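Note: hydrogens, waters and symmetry copies are ignored here, and every other heavy atom, side chains too, is used. Sequence positions, counted from 1, serve as the residue numbers for this chain. None of these values were measured; they are calculated from a predicted model.
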Amino acid sequence: MEDYNGAYKDIIDLERPKHVNDAFSAKHPSMKREDRAKIFAPFAALKGYEESIEEAAELNRNSGE
């Protein structure tokens with residue numbers, strides 16, 4: 001992967017743990033990376049954030065008139 005300088009640089013490039021024929025793998029089968037990405041793609045951590053930024057920008061534009 002890439003060179004990271006963040007808090008997780010010591011673990012970012014590690015492989016995922018392998019669970020073969022144990023209770024975890026039976027309950028949570030492996031999923032392809034593409035399928036996992038589809039789950040989280042529509043997630044918006046800050047709902048309404050873009051609208052708030054646009055509203056603040058509009059207020060700033062109007063205050064200078």
Side-chain angles (χ1 to χ4, degrees):
M1 287 193 97
E2 298 177 28
D3 182 29
Y4 293 94
N5 294 322
Y8 301 104
K9 68 181 179 181
D10 58 332
I11 63 170
I12 195 76
D13 291 325
L14 294 178
E15 289 188 29
R16 292 180 53 121
K18 305 282 190 231
H19 296 278
V20 180
N21 298 325
D22 62 0
F24 185 88
S25 65
K27 191 172 183 180
H28 306 282
S30 294
M31 185 181 290
K32 290 189 288 185
R33 182 177 282 198
E34 293 82 14
D35 292 337
R36 290 180 54 80
K38 290 176 190 175
I39 293 172
F40 295 102
F43 176 72
L46 301 173
K47 195 170 197 154
Y49 177 75
E50 293 295 328
E51 292 82 4
S52 296
I53 295 296
E54 189 58 40
E55 183 180 332
E58 186 65 30
L59 289 172
N60 281 334
R61 282 191 287 264
N62 293 336
S63 68
E65 294 177 358

Task: side-chain hydrogen bond (donor to acceptor under 3.5 Å, both in side chains) involving Asn21 - partner list, sequence neighbours excluded - done: none
Task: Residues which pass salt bridge (charged side-chain N to carboxylate O under 4.0 Å, His left out) with Glu15, listed by chain and number, not counting sequence neighbours - done: Lys18
- [ ] With sequence neighbours excluded, tell me which residues meet salt bridge (charged side-chain N to carboxylate O under 4.0 Å, His left out) with Asp10.
- [x] none
Compile the donor-acceptor pairs under 3.5 Å between side chains in residues 49-56 and protein atoms, sequence neighbours left out, one pair per line.
unit_1	atom_1	unit_2	atom_2	d
Ser52	OG	Gly48	O	3.1
Glu54	OE2	Arg61	NH2	3.1

Partner set under side chain to side chain contact (heavy atoms under 4.5 Å, CB included) for [X], not counting sequence neighbours:
X: Leu14; value: Ile11
X: Asp22; value: His19, Phe24, Ser25
X: Lys47; value: none

